[in-house]
2 protein chains.
Amino acid sequence: MVELDDTDLNILELLAEDSRRPYSEIADKVGVSPPTVSDRVDRLEEIGVIERFTLDIDRSTLRDGVGVLVDIHLQPGFETEVMENLAGVECVEHAFATADGHVVAKATVDETEIHSVLTQAVDTGRIVEYDVRLLVDSAWEPQIDGPDVGVACEECGATIDDGGVTVEVDGQTHEFCSSTCRTSYEEHLETIKQSA
Amino acid sequence: MVELDDTDLNILELLAEDSRRPYSEIADKVGVSPPTVSDRVDRLEEIGVIERFTLDIDRSTLRDGVGVLVDIHLQPGFETEVMENLAGVECVEHAFATADGHVVAKATVDETEIHSVLTQAVDTGRIVEYDVRLLVDSAWEPQIDGPDVGVACEECGATIDDGGVTVEVDGQTHEFCSSTCRTSYEEHLETIKQSA
DNA sequence: GCTGAAACCATTATAAG
DNA sequence: CTTATAATGGTTTCAGC
(Lines give C-alpha, C1' and ligand atoms only; values in the text may rest on other atoms or scores of the structure.)
Protein backbone atom coordinates (compact mmCIF):
# COMPACT_ATOMS: atom_id res chain seq x y z
CA MET A 1 0.00 0.00 0.00
CA VAL A 2 1.28 3.41 -0.99
CA GLU A 3 1.89 6.04 1.63
CA LEU A 4 -0.71 8.77 1.32
CA ASP A 5 -1.18 11.51 3.85
CA ASP A 6 -4.35 13.36 4.71
CA THR A 7 -3.67 16.01 2.10
CA ASP A 8 -3.48 13.39 -0.64
CA LEU A 9 -6.70 11.77 0.49
CA ASN A 10 -8.51 15.08 0.66
CA ILE A 11 -7.36 15.99 -2.82
CA LEU A 12 -8.51 12.62 -4.13
CA GLU A 13 -11.88 13.04 -2.53
CA LEU A 14 -12.42 16.52 -3.91
CA LEU A 15 -11.38 15.43 -7.38
CA ALA A 16 -13.59 12.36 -7.22
CA GLU A 17 -16.51 14.68 -6.53
CA ASP A 18 -15.60 16.96 -9.41
CA SER A 19 -12.48 16.29 -11.39
CA ARG A 20 -12.65 19.65 -13.18
CA ARG A 21 -12.53 21.54 -9.93
CA PRO A 22 -9.76 24.16 -10.06
CA TYR A 23 -6.59 23.29 -8.21
CA SER A 24 -6.74 26.68 -6.56
CA GLU A 25 -10.09 25.78 -5.01
CA ILE A 26 -8.71 22.46 -3.83
CA ALA A 27 -5.71 24.27 -2.43
CA ASP A 28 -7.97 26.51 -0.34
CA LYS A 29 -9.98 23.59 1.00
CA VAL A 30 -7.07 21.41 1.99
CA GLY A 31 -4.89 24.26 3.19
CA VAL A 32 -1.95 24.16 0.79
CA SER A 33 -0.93 26.24 -2.21
CA PRO A 34 -2.08 25.52 -5.78
CA PRO A 35 1.35 24.35 -6.96
CA THR A 36 1.38 21.84 -4.13
CA VAL A 37 -1.94 20.44 -5.30
CA SER A 38 -0.54 20.20 -8.80
CA ASP A 39 2.54 18.37 -7.53
CA ARG A 40 0.47 15.96 -5.46
CA VAL A 41 -1.83 15.16 -8.34
CA ASP A 42 1.14 14.52 -10.61
CA ARG A 43 2.58 12.19 -8.03
CA LEU A 44 -0.74 10.39 -7.53
CA GLU A 45 -0.90 9.82 -11.26
CA GLU A 46 2.68 8.59 -11.40
CA ILE A 47 2.30 6.04 -8.64
CA GLY A 48 -0.93 4.82 -10.19
CA VAL A 49 -3.47 5.84 -7.58
CA ILE A 50 -5.17 8.11 -10.11
CA GLU A 51 -5.69 6.04 -13.21
CA ARG A 52 -7.45 8.69 -15.24
CA PHE A 53 -9.63 11.76 -15.12
CA THR A 54 -12.94 10.75 -16.55
CA LEU A 55 -16.69 11.14 -16.70
CA ASP A 56 -19.59 9.37 -15.15
CA ILE A 57 -22.02 9.03 -18.03
CA ASP A 58 -25.62 7.91 -17.83
CA ARG A 59 -25.56 5.39 -20.61
CA SER A 60 -29.27 4.81 -20.55
CA THR A 61 -29.54 8.21 -22.22
CA LEU A 62 -27.02 7.25 -24.87
CA ARG A 63 -28.16 3.95 -26.19
CA ASP A 64 -31.40 2.07 -26.42
CA GLY A 65 -31.51 -1.17 -24.57
CA VAL A 66 -31.64 -2.45 -21.05
CA GLY A 67 -29.01 -2.91 -18.39
CA VAL A 68 -28.03 -6.51 -17.81
CA LEU A 69 -25.64 -8.41 -15.61
CA VAL A 70 -24.09 -11.31 -17.46
CA ASP A 71 -22.51 -14.10 -15.46
CA ILE A 72 -20.36 -16.47 -17.46
CA HIS A 73 -18.92 -19.62 -15.92
CA LEU A 74 -15.80 -20.55 -17.84
CA GLN A 75 -13.40 -23.40 -18.02
CA PRO A 76 -10.53 -22.77 -15.60
CA GLY A 77 -7.87 -20.26 -16.60
CA PHE A 78 -9.82 -18.26 -19.15
CA GLU A 79 -11.47 -15.73 -16.90
CA THR A 80 -8.96 -12.90 -17.28
CA GLU A 81 -8.70 -13.20 -21.04
CA VAL A 82 -12.46 -13.28 -21.46
CA MET A 83 -12.91 -10.39 -19.07
CA GLU A 84 -10.55 -8.25 -21.10
CA ASN A 85 -12.28 -9.13 -24.34
CA LEU A 86 -15.66 -8.31 -22.88
CA ALA A 87 -14.40 -5.02 -21.50
CA GLY A 88 -13.43 -4.05 -25.02
CA VAL A 89 -16.98 -4.42 -26.30
CA GLU A 90 -18.75 -1.11 -26.61
CA CYS A 91 -21.87 -1.91 -24.62
CA VAL A 92 -19.91 -3.40 -21.70
CA GLU A 93 -19.15 -0.94 -18.93
CA HIS A 94 -17.80 -3.14 -16.18
CA ALA A 95 -16.28 -6.57 -16.16
CA PHE A 96 -15.09 -8.65 -13.23
CA ALA A 97 -13.13 -11.88 -13.21
CA THR A 98 -13.47 -14.05 -10.12
CA ALA A 99 -11.14 -16.64 -8.72
CA ASP A 100 -13.74 -19.37 -9.18
CA GLY A 101 -13.70 -18.97 -12.95
CA HIS A 102 -16.62 -16.65 -13.50
CA VAL A 103 -16.74 -13.43 -15.43
CA VAL A 104 -19.44 -10.97 -14.48
CA ALA A 105 -20.12 -8.07 -16.80
CA LYS A 106 -22.48 -5.14 -16.72
CA ALA A 107 -23.72 -4.10 -20.14
CA THR A 108 -26.46 -2.14 -21.84
CA VAL A 109 -27.90 -4.11 -24.71
CA ASP A 110 -30.83 -4.55 -26.99
CA GLU A 111 -32.52 -7.83 -26.26
CA THR A 112 -31.39 -9.22 -29.58
CA GLU A 113 -27.83 -8.08 -29.10
CA ILE A 114 -26.77 -10.11 -26.12
CA HIS A 115 -25.83 -13.30 -27.94
CA SER A 116 -23.72 -11.50 -30.50
CA VAL A 117 -21.92 -9.76 -27.64
CA LEU A 118 -21.07 -13.10 -26.11
CA THR A 119 -19.96 -14.82 -29.28
CA GLN A 120 -17.97 -11.76 -30.29
CA ALA A 121 -15.95 -11.59 -27.10
CA VAL A 122 -15.86 -15.17 -25.88
CA ASP A 123 -14.84 -18.48 -27.35
CA THR A 124 -18.19 -20.09 -26.67
CA GLY A 125 -16.54 -23.48 -26.39
CA ARG A 126 -15.06 -22.28 -23.12
CA ILE A 127 -18.41 -21.43 -21.56
CA VAL A 128 -19.61 -23.95 -19.04
CA GLU A 129 -22.77 -22.02 -18.27
CA TYR A 130 -24.02 -18.47 -18.32
CA ASP A 131 -26.97 -16.42 -17.29
CA VAL A 132 -28.23 -12.93 -18.06
CA ARG A 133 -30.06 -10.97 -15.41
CA LEU A 134 -32.08 -7.86 -15.99
CA LEU A 135 -30.88 -4.88 -13.96
CA VAL A 136 -33.31 -2.65 -12.15
CA ASP A 137 -30.76 -0.26 -10.66
CA SER A 138 -27.07 0.26 -10.26
CA ALA A 139 -24.73 2.58 -8.43
CA TRP A 140 -21.14 3.59 -8.73
CA GLU A 141 -19.51 5.36 -5.84
CA PRO A 142 -16.31 7.04 -6.83
CA GLN A 143 -16.18 8.77 -3.52
CA ILE A 144 -13.45 7.84 -1.14
CA ASP A 145 -13.55 8.58 2.51
CA GLY A 146 -10.96 11.17 3.15
CA PRO A 147 -9.67 11.63 6.66
CA ASP A 148 -11.03 15.07 7.39
CA VAL A 149 -14.16 14.70 5.35
CA GLY A 150 -17.05 16.51 6.95
CA VAL A 151 -14.83 17.73 9.72
CA ALA A 152 -16.97 19.26 12.39
CA CYS A 153 -16.01 22.29 14.40
CA GLU A 154 -14.85 20.96 17.76
CA GLU A 155 -16.74 23.63 19.56
CA CYS A 156 -20.10 24.08 17.85
CA GLY A 157 -20.26 20.96 15.70
CA ALA A 158 -20.88 22.81 12.44
CA THR A 159 -19.17 21.59 9.30
CA ILE A 160 -16.05 23.58 8.61
CA ASP A 161 -15.85 25.11 5.16
CA ASP A 162 -13.86 28.16 4.14
CA GLY A 163 -12.58 30.42 6.87
CA GLY A 164 -11.96 27.70 9.41
CA VAL A 165 -9.28 28.04 12.04
CA THR A 166 -6.71 25.42 12.93
CA VAL A 167 -4.68 25.50 16.14
CA GLU A 168 -2.16 23.14 17.58
CA VAL A 169 -2.29 22.40 21.29
CA ASP A 170 0.07 19.92 22.96
CA GLY A 171 0.97 18.51 19.56
CA GLN A 172 -2.65 17.89 18.63
CA THR A 173 -4.45 19.67 15.83
CA HIS A 174 -7.83 21.21 16.50
CA GLU A 175 -10.13 22.74 13.94
CA PHE A 176 -12.88 25.30 14.37
CA CYS A 177 -15.34 26.97 12.08
CA SER A 178 -14.45 30.46 13.34
CA SER A 179 -12.09 32.25 15.67
CA THR A 180 -15.04 32.74 18.03
CA CYS A 181 -15.37 29.01 18.44
CA ARG A 182 -11.65 28.68 18.79
CA THR A 183 -11.70 31.13 21.70
CA SER A 184 -14.63 29.36 23.32
CA TYR A 185 -12.79 26.09 22.99
CA GLU A 186 -9.73 27.46 24.73
CA GLU A 187 -11.86 28.64 27.60
CA HIS A 188 -13.40 25.19 27.84
CA LEU A 189 -9.95 23.69 27.82
CA GLU A 190 -8.97 25.80 30.80
CA THR A 191 -12.06 24.66 32.67
CA ILE A 192 -11.32 21.04 31.88
CA LYS A 193 -7.70 21.37 32.94
CA GLN A 194 -8.69 22.98 36.21
CA SER A 195 -11.24 20.32 37.06
CA ALA A 196 -8.69 17.61 36.33
CA MET B 1 -33.26 8.58 -25.65
CA VAL B 2 -31.87 12.10 -25.82
CA GLU B 3 -30.94 13.62 -29.14
CA LEU B 4 -27.18 13.93 -29.38
CA ASP B 5 -25.34 14.84 -32.52
CA ASP B 6 -21.87 13.77 -33.56
CA THR B 7 -20.26 16.77 -31.92
CA ASP B 8 -21.82 15.89 -28.58
CA LEU B 9 -20.65 12.31 -28.83
CA ASN B 10 -17.15 13.32 -29.80
CA ILE B 11 -16.95 15.70 -26.88
CA LEU B 12 -18.14 12.98 -24.54
CA GLU B 13 -15.58 10.59 -25.87
CA LEU B 14 -12.72 13.04 -25.45
CA LEU B 15 -13.81 13.96 -21.93
CA ALA B 16 -14.18 10.32 -20.96
CA GLU B 17 -10.56 9.83 -21.97
CA ASP B 18 -9.40 12.82 -19.96
CA SER B 19 -11.93 14.98 -18.21
CA ARG B 20 -9.41 17.71 -17.41
CA ARG B 21 -8.60 18.21 -21.05
CA PRO B 22 -8.89 21.90 -21.98
CA TYR B 23 -12.03 22.87 -23.87
CA SER B 24 -9.86 24.62 -26.42
CA GLU B 25 -8.17 21.35 -27.23
CA ILE B 26 -11.51 19.61 -27.55
CA ALA B 27 -12.72 22.46 -29.74
CA ASP B 28 -9.79 21.92 -32.10
CA LYS B 29 -10.36 18.19 -32.32
CA VAL B 30 -14.07 18.30 -32.98
CA GLY B 31 -13.95 21.38 -35.18
CA VAL B 32 -15.92 23.96 -33.20
CA SER B 33 -15.02 26.93 -31.03
CA PRO B 34 -14.24 26.69 -27.31
CA PRO B 35 -17.46 28.46 -26.22
CA THR B 36 -19.43 25.92 -28.18
CA VAL B 37 -17.73 23.11 -26.31
CA SER B 38 -18.53 24.86 -23.06
CA ASP B 39 -22.19 25.23 -24.04
CA ARG B 40 -22.48 21.63 -25.15
CA VAL B 41 -20.94 20.34 -21.94
CA ASP B 42 -23.31 22.47 -19.88
CA ARG B 43 -26.22 21.08 -21.83
CA LEU B 44 -24.99 17.50 -21.46
CA GLU B 45 -24.82 18.02 -17.71
CA GLU B 46 -28.27 19.57 -17.60
CA ILE B 47 -29.98 16.76 -19.46
CA GLY B 48 -28.22 14.22 -17.31
CA VAL B 49 -25.95 12.53 -19.82
CA ILE B 50 -22.90 13.69 -17.89
CA GLU B 51 -23.53 12.75 -14.29
CA ARG B 52 -20.26 14.02 -12.93
CA PHE B 53 -16.64 14.68 -13.68
CA THR B 54 -14.69 12.21 -11.67
CA LEU B 55 -11.62 10.06 -11.23
CA ASP B 56 -10.76 6.49 -11.90
CA ILE B 57 -8.89 5.48 -8.76
CA ASP B 58 -6.96 2.29 -8.24
CA ARG B 59 -8.34 1.36 -4.86
CA SER B 60 -5.97 -1.49 -4.33
CA THR B 61 -3.35 1.18 -3.69
CA LEU B 62 -5.59 2.93 -1.20
CA ARG B 63 -6.71 0.25 1.17
CA ASP B 64 -5.52 -3.09 2.30
CA GLY B 65 -7.76 -5.96 1.49
CA VAL B 66 -8.89 -7.94 -1.48
CA GLY B 67 -11.45 -7.32 -4.17
CA VAL B 68 -14.59 -9.37 -3.81
CA LEU B 69 -17.86 -9.75 -5.62
CA VAL B 70 -20.73 -10.27 -3.22
CA ASP B 71 -23.94 -11.75 -4.52
CA ILE B 72 -26.90 -11.44 -2.17
CA HIS B 73 -30.19 -13.13 -2.90
CA LEU B 74 -32.92 -11.18 -1.14
CA GLN B 75 -36.56 -11.55 -0.42
CA PRO B 76 -38.56 -9.93 -3.23
CA GLY B 77 -38.79 -6.14 -3.27
CA PHE B 78 -35.75 -5.31 -1.18
CA GLU B 79 -33.10 -5.24 -3.88
CA THR B 80 -33.09 -1.50 -4.58
CA GLU B 81 -33.05 -0.49 -0.95
CA VAL B 82 -30.26 -2.90 -0.11
CA MET B 83 -28.31 -1.84 -3.16
CA GLU B 84 -28.44 1.78 -2.09
CA ASN B 85 -27.37 0.95 1.43
CA LEU B 86 -24.46 -1.09 0.17
CA ALA B 87 -23.41 1.65 -2.21
CA GLY B 88 -23.11 3.95 0.77
CA VAL B 89 -20.56 1.75 2.47
CA GLU B 90 -17.05 3.00 2.02
CA CYS B 91 -15.46 -0.16 0.70
CA VAL B 92 -18.21 -0.76 -1.88
CA GLU B 93 -17.46 0.67 -5.30
CA HIS B 94 -20.22 -0.78 -7.44
CA ALA B 95 -23.62 -2.18 -6.65
CA PHE B 96 -26.18 -3.70 -8.99
CA ALA B 97 -29.77 -4.68 -8.31
CA THR B 98 -31.25 -7.29 -10.60
CA ALA B 99 -34.85 -7.99 -11.45
CA ASP B 100 -34.62 -11.46 -9.95
CA GLY B 101 -33.99 -10.07 -6.49
CA HIS B 102 -30.23 -10.22 -6.30
CA VAL B 103 -27.81 -7.49 -5.36
CA VAL B 104 -24.29 -7.81 -6.67
CA ALA B 105 -21.65 -5.56 -5.20
CA LYS B 106 -17.96 -5.09 -5.83
CA ALA B 107 -15.99 -4.19 -2.76
CA THR B 108 -12.47 -4.13 -1.39
CA VAL B 109 -12.35 -5.62 2.07
CA ASP B 110 -10.23 -7.22 4.68
CA GLU B 111 -11.18 -10.83 5.10
CA THR B 112 -12.57 -10.12 8.53
CA GLU B 113 -14.53 -7.12 7.36
CA ILE B 114 -16.99 -8.71 4.99
CA HIS B 115 -19.56 -9.82 7.52
CA SER B 116 -19.69 -6.46 9.21
CA VAL B 117 -20.23 -4.87 5.82
CA LEU B 118 -23.20 -7.10 5.20
CA THR B 119 -24.81 -6.66 8.57
CA GLN B 120 -24.18 -2.93 8.46
CA ALA B 121 -25.96 -2.40 5.16
CA VAL B 122 -28.48 -5.18 4.99
CA ASP B 123 -31.25 -6.42 7.22
CA THR B 124 -29.88 -9.94 7.40
CA GLY B 125 -33.37 -11.31 7.90
CA ARG B 126 -34.04 -10.42 4.27
CA ILE B 127 -31.16 -12.46 2.92
CA VAL B 128 -32.17 -15.75 1.37
CA GLU B 129 -28.63 -16.66 0.44
CA TYR B 130 -25.36 -14.99 -0.39
CA ASP B 131 -21.91 -15.76 -1.62
CA VAL B 132 -18.61 -13.93 -1.73
CA ARG B 133 -16.26 -14.50 -4.62
CA LEU B 134 -12.64 -13.45 -4.72
CA LEU B 135 -11.81 -11.15 -7.63
CA VAL B 136 -8.74 -11.70 -9.72
CA ASP B 137 -9.24 -8.78 -12.08
CA SER B 138 -11.68 -6.10 -13.03
CA ALA B 139 -12.13 -3.44 -15.68
CA TRP B 140 -14.13 -0.31 -16.11
CA GLU B 141 -14.49 1.15 -19.57
CA PRO B 142 -15.68 4.72 -19.49
CA GLN B 143 -14.99 5.03 -23.17
CA ILE B 144 -17.94 5.54 -25.41
CA ASP B 145 -17.95 4.94 -29.11
CA GLY B 146 -18.31 8.18 -30.89
CA PRO B 147 -20.55 8.18 -33.92
CA ASP B 148 -18.17 8.56 -36.80
CA VAL B 149 -15.15 7.45 -34.95
CA GLY B 150 -13.60 4.91 -37.23
CA VAL B 151 -16.78 4.42 -39.23
CA ALA B 152 -15.79 2.63 -42.39
CA CYS B 153 -17.20 3.37 -45.82
CA GLU B 154 -19.48 0.48 -46.69
CA GLU B 155 -18.06 0.29 -50.16
CA CYS B 156 -14.31 0.80 -49.96
CA GLY B 157 -13.69 0.36 -46.22
CA ALA B 158 -11.88 3.68 -45.81
CA THR B 159 -12.48 5.70 -42.68
CA ILE B 160 -15.10 8.35 -43.28
CA ASP B 161 -14.13 11.82 -42.19
CA ASP B 162 -15.66 15.06 -43.39
CA GLY B 163 -17.34 14.98 -46.76
CA GLY B 164 -18.97 11.59 -46.31
CA VAL B 165 -22.32 10.74 -47.85
CA THR B 166 -25.26 9.25 -46.00
CA VAL B 167 -28.19 7.62 -47.78
CA GLU B 168 -31.23 5.85 -46.52
CA VAL B 169 -32.36 2.68 -48.28
CA ASP B 170 -35.38 0.67 -47.10
CA GLY B 171 -35.25 2.46 -43.76
CA GLN B 172 -31.58 1.60 -43.21
CA THR B 173 -28.81 4.18 -43.05
CA HIS B 174 -25.71 3.66 -45.11
CA GLU B 175 -22.56 5.76 -45.02
CA PHE B 176 -19.91 6.22 -47.67
CA CYS B 177 -16.69 8.18 -47.91
CA SER B 178 -17.64 9.72 -51.26
CA SER B 179 -20.45 9.89 -53.78
CA THR B 180 -18.42 7.61 -56.04
CA CYS B 181 -18.56 4.85 -53.45
CA ARG B 182 -22.22 5.53 -52.89
CA THR B 183 -22.89 4.96 -56.61
CA SER B 184 -20.81 1.78 -56.64
CA TYR B 185 -22.73 0.52 -53.63
CA GLU B 186 -26.04 1.08 -55.33
CA GLU B 187 -24.87 -0.90 -58.33
CA HIS B 188 -23.82 -3.72 -56.03
CA LEU B 189 -27.20 -3.57 -54.39
CA GLU B 190 -28.91 -4.06 -57.74
CA THR B 191 -26.73 -7.08 -58.45
CA ILE B 192 -27.54 -8.58 -55.07
CA LYS B 193 -31.25 -8.03 -55.52
CA GLN B 194 -31.21 -9.63 -58.93
CA SER B 195 -29.35 -12.72 -57.76
CA ALA B 196 -31.77 -13.13 -54.89
C1' DG C 1 6.10 23.28 0.13
C1' DC C 2 5.70 28.40 -0.75
C1' DT C 3 6.00 32.76 -3.54
C1' DG C 4 5.66 35.52 -7.69
C1' DA C 5 5.55 35.99 -12.62
C1' DA C 6 4.29 34.47 -17.04
C1' DA C 7 1.62 31.47 -19.93
C1' DC C 8 -2.53 29.56 -20.43
C1' DC C 9 -7.48 28.61 -20.10
C1' DA C 10 -12.69 29.32 -19.42
C1' DT C 11 -16.20 32.34 -19.61
C1' DT C 12 -18.74 36.30 -20.71
C1' DA C 13 -20.59 39.65 -23.72
C1' DT C 14 -20.95 41.02 -28.23
C1' DA C 15 -21.42 40.58 -33.08
C1' DA C 16 -22.28 38.05 -37.18
C1' DG C 17 -24.11 34.21 -39.99
C1' DC D 1 -31.02 30.16 -32.92
C1' DT D 2 -26.47 28.90 -33.26
C1' DT D 3 -21.61 29.86 -33.67
C1' DA D 4 -17.41 32.74 -33.69
C1' DT D 5 -14.55 36.53 -31.89
C1' DA D 6 -12.31 39.22 -28.43
C1' DA D 7 -11.55 40.66 -23.74
C1' DT D 8 -11.41 39.69 -18.94
C1' DG D 9 -10.77 37.40 -14.89
C1' DG D 10 -9.11 33.35 -13.05
C1' DT D 11 -5.99 29.17 -13.13
C1' DT D 12 -1.87 26.52 -13.79
C1' DT D 13 2.83 26.12 -14.19
C1' DC D 14 7.73 27.15 -13.75
C1' DA D 15 11.71 29.44 -11.29
C1' DG D 16 13.80 30.33 -7.40
C1' DC D 17 13.90 29.97 -2.53
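Considering only side-chain N and O atoms, B:Arg20 lies nowhere under 4.0 angstrom from the phosphate OP1 or OP2 of C:dC9. Applying the 4.0 Å criterion to OP1 and OP2 of C:dT11, one finds that B:Ser38 has a side-chain N or O inside that range. Remark: A:Arg21 is not in phosphate contact with D:dT11, judged by side-chain N or O atoms under 4.0 Å from OP1 or OP2. For A:Ser24, a side-chain nitrogen or oxygen approaches OP1 or OP2 of D:dT11 to under 4.0 Å.
The backbone N or O of A:Gly77 sits less than 3.5 Å from a side-chain atom of A:Glu79, completing a donor-acceptor pair. At distances below 3.5 Å, not a single donor-acceptor pair connects side-chain atoms of A:Ser19 with backbone N or O atoms of A:Leu15.
Between the side chains of A:Thr36 and A:Ser33, at least one donor N or O sits under 3.5 Å from an acceptor N or O.
To the nearest 0.5 Å, the span separating CG on A:Leu55 from CD on B:Glu17 amounts to 10.5 Å.
Taking the side chain of B:Thr36 as heavy atoms from C-beta on, and the options C:dT11, D:dT3, D:dT13, the nearest nucleotide is D:dT3.
Look at CZ on B:Arg43: it is 14 Å from P on D:dC1, rounded to the nearest Å. We find that CG of B:Asp28 is positioned 12 Å from P of D:dA4, with the value rounded to whole Å. Look at CD on B:Glu45: it is 14 Å from P on C:dA10, rounded to the nearest Å. Atom C1' of nucleotide D:dT12 and atom CG of A:Asp39 are separated by 11 Å, given to the nearest angstrom. Rounded to whole Å, atom C1' of C:dC9 lies 15 Å from atom CG of B:Leu15. If you take OH of B:Tyr23 and P of D:dA4, they are 17 Å apart, rounded to a whole angstrom. Rounded to whole Å, the distance from CG on A:Asp42 to P on D:dC14 is 9 Å. Straight-line distance from the CD atom of A:Glu25 to the P atom of D:dG9: 20 Å, rounded to whole Å.
Residue A:Pro35 is in base contact, counting any heavy-atom pair closer than 4.0 Å across all strands shown. Within 4.0 Å (heavy atoms only), A:Val32 reaches sugar-phosphate atoms of the nucleic acid but no base atom.
A salt bridge links A:Glu93 to A:Arg59: at least one charged side-chain nitrogen sits closer than 4.0 Å to a carboxylate oxygen.
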